[in-house]
Amino acid sequence: MGRFAKSLARVRAEAGFKTPYAFYHKNGGRKVFPCTFAYYLRLERGAALPRPEWLALILTLLRIPPTDALWRQFVVDYLRDHFGEQSFQSALAPLLRPAAPAGVQQQAVRRLV
């Protein structure tokens with residue numbers, strides 16, 4: 001089971017949906033979701049990943065505010081599984097780190113320019 005699947009199941013339960021069936025059908029089922037219930041079960045079991053364009057809808061249905069740390073972790077777990085751990089660490093992890101504070105030399109150069 002991948003990181004995203006574990007994260008999805010955990011966040012779904014924290015949002016108040018005890019089962020995948022409850023989450024899928026109480027949010028409108030096939031009318032709202034871009035996939036069938038059987039495919040959604042594959043997402044929770046780690047057998048598949050949602051398409052990137054589906055991620056925003058899933059986040060909305062899970063009722064995670066965009067400013068929440070849980071939202072960030074959910075998306076990072078998705079990216080780790082989507083790109084693979086090695087690619088994630090080499091290409092994406094540096095972009096997700098907070099910016100380092102500017103050093104004294106960098107500040108001096110900015111003032112001179």
Side-chain angles (χ1 to χ4, degrees):
M1 185 185 236
R3 290 176 187 258
F4 178 76
K6 289 177 185 174
S7 184
L8 177 59
R10 180 177 41 82
V11 172
R12 174 195 41 82
E14 288 176 9
F17 300 100
K18 293 183 180 182
T19 64
Y21 185 87
F23 173 67
Y24 186 85
H25 290 288
K26 286 184 179 180
N27 278 310
R30 188 68 177 111
K31 292 178 184 175
V32 175
F33 282 85
C35 61
T36 63
F37 177 66
Y39 192 82
Y40 176 77
L41 280 178
R42 293 183 68 210
L43 299 179
E44 282 218 12
R45 291 180 182 147
L49 281 174
R51 293 181 183 174
E53 59 268 17
W54 297 357
L55 201 57
L57 174 66
I58 293 171
L59 285 165
T60 301
L61 296 174
L62 288 168
R63 293 149 179 88
I64 302 173
T67 57
D68 195 7
L70 187 61
W71 184 85
R72 182 182 182 344
Q73 187 58 47
F74 186 78
V75 173
V76 168
D77 288 341
Y78 174 79
L79 292 172
R80 282 181 190 274
D81 283 354
H82 186 73
F83 286 97
E85 189 63 31
Q86 187 176 9
S87 295
F88 176 83
Q89 289 300 329
S90 63
L92 296 175
L95 297 173
L96 297 174
R97 287 189 201 115
V104 176
Q105 293 176 348
Q106 291 175 339
Q107 291 175 351
V109 169
R110 285 185 190 151
R111 287 182 186 155
L112 290 174
V113 174

Give the ring-plane orientation class for [X] versus [Y], where under 30° counts as parallel, over 60° as perpendicular and anything between as tilted.
X     : Y     : result
His25 : Phe37 : tilted
Phe74 : Phe4  : tilted
Phe23 : Phe17 : perpendicular

Arg30, CZ: over 12 other non-hydrogen atoms inside 6.0 angstrom: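 Yes, CZ of Arg30 has more than 12 neighbouring heavy atoms, counting only those of other groups under 6.0 Å.
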Any side-chain heavy-atom pair from [X] and [Y] closer than 4.5 angstrom?
X     : Y     : answer
Lys6  : Asp81 : no
Val32 : Leu57 : yes
Leu70 : Leu62 : no

Under the 3.5 angstrom rule, does the side chain of Ser90 hit a backbone N or O of Gln86 as a donor-acceptor pair?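 It does hold such a pair.
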Carefully, step by step, assess Leu41 and Tyr24 under the rule side chain to side chain contact (heavy atoms under 4.5 Å, CB included). CA-CA 9 Å; Leu41 280 178; Tyr24 186 85; over 6 Å; no
Value rounded to 0.5 Å, distance of [atom1] in [X] from [atom2] in [Y]:
X     : Y     : atom1 : atom2 : result
Leu79 : Leu92 : CG    : CG    : 6.0 Å
Gln73 : Arg80 : CD    : CZ    : 7.0 Å
Thr19 : Glu44 : OG1   : CD    : 8.5 Å
Leu8  : Arg3  : CG    : CZ    : 15.5 Å
Trp54 : Leu61 : CH2   : CG    : 13.0 Å

So which of Tyr40, Phe33, Tyr78, Tyr39 actually passes side chain to side chain contact (heavy atoms under 4.5 Å, CB included) with Pro50?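 Result for side chain to side chain contact (heavy atoms under 4.5 Å, CB included) with Pro50: Tyr78.
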